[in-house]
Amino acid sequence: MSGLKNVFPHKMDLNQLIFKIGEVSKMVNVSTRQLRYWEQKGYIESIRDDNSSSRVFNMENLNRVNLIKYYLDEGMTLNGAHVATEEKIAKMRQIRLFMMHAFQDVETIDGKPAVNLGYFDKNKESILYGIIDEQDIEYRVVEKKEEK
DNA sequence: CTTCTAACA
DNA sequence: TGTTAGAA
């Protein structure tokens, strides 16, 4: 067993958390007109509530809206913001994968929080730690203690 | 009151 | 993109 899932166990499906267009509009500060337009362009996606024909957005798309808005404010064009958003999401997926497998636990070394990043060598004899000191991080390879 | 579509003084 | 009208 290893990885983030053991430290931050979550069984919730965050995409079950949905928001109406007005809520997204207020949260991210974009107009409902923009949200409908972005969806029409295929930049974001919504699901239609069964009975009503109202749009609802899941967390994944709320994240997209947030990123597109960010890049627009940075001065990018809508299409540029869309491209940048998808690239960012791709990177975020890689970061999650990395963290899920590399991150082991937060321990203590020299009285400081030390992030156990897993085995440093192929033979699994030493472990890489990222020791947190205020804003800085000191990396250190520590010989693994022999287990009985 | 909120959301939808369509259209443009 | 904003706004507005009329309907749901």
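Computed from a prediction, not measured in an experiment: that's the story for all the values here. Letters go in sequence order (proteins before strands), and every chain restarts at 1.
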For nucleotides 6-8 of chain C, print each protein N/O atom paired with a nucleotide N/O atom at under 3.5 Å, atom names and distance only.
none

Report the residues that fulfil salt bridge (charged side-chain N to carboxylate O under 4.0 Å, His left out) with A/Asp136, sequence neighbours left out, ordered by chain and then residue number.
none
For the backbone of A/Val30 and the side chain of A/Ser25, can you confirm whether one donor and one acceptor N or O come within less than 3.5 Å of each other?
yes
Rounded distance [0.5 Å steps], CH2 in A/Trp38 versus CZ in A/Arg33:
12.0 Å
Residues from residues 14-28 of chain A lying under 4.0 Å of DNA chain B - heavy atoms:
A/Lys20, A/Ile21, A/Gly22
Within residues 30-43 of chain A, which residues have any heavy atom lying less than 4.0 Å from an atom of DNA chain B?
A/Arg33, A/Arg36
Could you pull out all residues at least two apart from A/Glu87 that satisfy salt bridge (charged side-chain N to carboxylate O under 4.0 Å, His left out)?
none
Would you give me the side-chain donor-acceptor pairs under 3.5 Å for residues 71-83 of chain A, sequence neighbours excluded?
| from | atom 1 | to | atom 2 | distance (Å) |
| --- | --- | --- | --- | --- |
| A/Asp73 | OD1 | A/Lys69 | NZ | 3.3 |
| A/Thr77 | OG1 | A/Gly80 | N | 3.0 |
| A/Asn79 | OD1 | A/Tyr43 | OH | 3.0 |

Go through the structure and list residues passing salt bridge (charged side-chain N to carboxylate O under 4.0 Å, His left out) with A/Glu45, not counting sequence neighbours.
none
Rounded distance (nearest 0.5 Å) linking atom OG of A/Ser46 with atom CD of A/Glu39
3.0 Å
A/Ile18 to A/Asn58 - nearest heavy-atom pair and separation
CG2-CA, 4.2 Å
Mind checking what makes side chain to side chain donor-acceptor pair (under 3.5 Å) contact with A/Arg140, not counting sequence neighbours?
A/Asp110, A/Glu138
Between atom CD of A/Gln104 and atom OH of A/Tyr119, what is the distance when rounded to the nearest 0.5 Å?
8.0 Å
Check DNA chain B against residues 77-86 of chain A and give the residues with a non-hydrogen atom under 4.0 Å, in numerical order.
none
Whenever both distances are under 3.5 Å in a Watson-Crick or G-U wobble pair, mark it; put DNA chain C into dot-bracket that way, with [ ] for crossing pairs and | when the partner is on another strand.
.|||||||
Considering residues at least two apart in sequence or located in another chain, which fulfil the side chain to side chain donor-acceptor pair (under 3.5 Å) criterion with A/Asp121?
A/Ser126
Would you say the side-chain atoms of A/Gln34 pair up with the backbone N or O of A/Ser31, donor to acceptor, closer than 3.5 Å?
yes
With sequence neighbours left out, the residues meeting salt bridge (charged side-chain N to carboxylate O under 4.0 Å, His left out) with A/Glu107 are none
Is the backbone N or O of A/Glu125 less than 3.5 Å from a side-chain atom of A/Asn123, with the two atoms forming a donor-acceptor pair by type?
no
Whether the side chain of A/Asn116 engages the backbone of A/Phe103 through a donor-acceptor N/O pair (distance < 3.5 Å, no angle test) should be reported.
no
